[in-house]
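In what follows, a structure is listed as C-alpha cells, so that the remarks can point back to it.
Note that the structure is predicted; figures quoted are calculated from it, not measured. Only heavy atoms go into these numbers, but all of them, side chains included; no hydrogens, no water, no symmetry mates.
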Amino acid sequence: MTLEEKERQRFINKMVSNARAVISNQVAIPLGVYKMNQIISWLEPYKKTDDVDVSIFRDYDLNVDDLPVGTERLQWNIEKLIEFEKEFDETNRKFKADILRKCRELINTYASNNSEEKEE
C-alpha cells in the first residue's frame, strides 16, 4: 500500500468512526456534521470517482452556517443560544433522516469489518 493509499485509508477510518458516533448519538448531529466536513476536506486530494456522495453534510452545514457548534456555544448568551436551538431543531428535522442514511452508507461502504445491520 502506497503512502497516499495509507493516508486516504486513515481519513476514511476517521469518517467511518464519526459516522458511527453520529448514528449512536455519541455526538450530536451539528457537531458530527462539522467533524464530517473537516474529514471530507482532508480526503479531497485522495478522492476517487466511485466514492460515496457526501454532499448532504455540506448542505446541512450551509443551513446552520451562522449557528454556534461545539465549545463555541459556551461563549454565547444563554437566551440567544436557546433561540439558536430552535433553528437547529428545524434544520435537524429537515436533514436528520438523510444524514443518518448517509452515515450508514459510509459505514457499509468503507468499514473494514462490515458488521450486519440490525433490522429491528
Take Asp51 and Leu43 through the side-chain contact (heavy atoms from CB on, under 4.5 Å) test and state the conclusion after the steps. CA-CA 11 Å; Asp51 281 341; Leu43 259 170; over 6 Å; no
Tightest non-hydrogen contact, residues Ile99 and Ile29, listed as CD1-CG2, 3.9 Å
Run the salt bridge (charged side-chain N to carboxylate O under 4.0 Å, His left out) check on Arg93 and Glu90 step by step: do they pass? CA-CA 5 Å; Arg93 269 192 301 280; Glu90 184 179 321; 5.5 Å; no
Leu31 and Leu62: same hydrophobic cluster, using ILVMFWY side-chain contacts below 4.5 Å? no
Side chains of Phe11 and Ser41: closer than 4.5 Å at any heavy-atom pair? no
Just wondering, are more than 12 heavy atoms of other shown residues or ligands nearer than 6.0 Å to CZ in Phe95? yes
Could you tell me if the side chain of Arg8 sits less than 4.5 Å from the side chain of Met1, heavy atoms only? no
In terms of heavy-atom contacts, Tyr60 and Asn92 come closest through OH-OD1, 2.6 Å
Is any side-chain heavy atom of Leu3 less than 4.5 Å from a side-chain heavy atom of Glu7? no
Interatomic spacing from OG in Ser17 to CD in Gln26 - rounded to 0.5 Å: 8.0 Å
Assigning hydrophobic clusters by single linkage (Ile, Leu, Val, Met, Phe, Trp, Tyr; side-chain heavy-atom cutoff under 4.5 Å), is Leu81 placed with Leu74? no
Could you label the plane-to-plane angle of the Phe84 and Trp76 rings as parallel, tilted or perpendicular, counting under 30° as parallel and over 60° as perpendicular? perpendicular
Reported CD-to-CG distance for the pair Gln38 and Asn18, which is rounded to 0.5 angstrom: 9.5 Å
Once rounded to the nearest 0.5 Å, what's the spacing between atom CZ of Arg10 and atom OH of Tyr46? 8.0 Å
Glu83/Lys80 ion pair, N-O < 4.0 Å: yes
What distance do Asp59 atom CG and Thr91 atom OG1 have between them, rounded to the nearest 0.5 Å? 12.0 Å
A side-chain contact here means heavy atoms from C-beta on lying under 4.5 Å apart; do Met36 and Lys102 qualify? no
Can you confirm whether Leu106 sits close enough to Val54 that some side-chain heavy atom of one is under 4.5 Å from a side-chain heavy atom of the other? yes
Of all heavy-atom pairs linking Val22 and Gly32, the shortest is CG2-CA, 3.7 Å
So do Arg58 and Asp61 actually touch side chain to side chain, heavy atoms under 4.5 Å? yes
Closest heavy-atom pair, Asn77 versus Glu79, reported as atoms and distance to 0.1 Å, is OD1-N, 2.7 Å
Could you verify whether a donor N or O on one side chain and an acceptor N or O on the other, from Tyr110 and Asn13, lie under 3.5 Å apart? no
For Asn37 and Phe57 the tightest heavy-atom approach is ND2-O, 3.1 Å
Stepwise, does the salt bridge (charged side-chain N to carboxylate O under 4.0 Å, His left out) test hold for Asp98 with Arg101? CA-CA 5 Å; Asp98 290 335; Arg101 285 184 188 104; 3.4 Å; yes
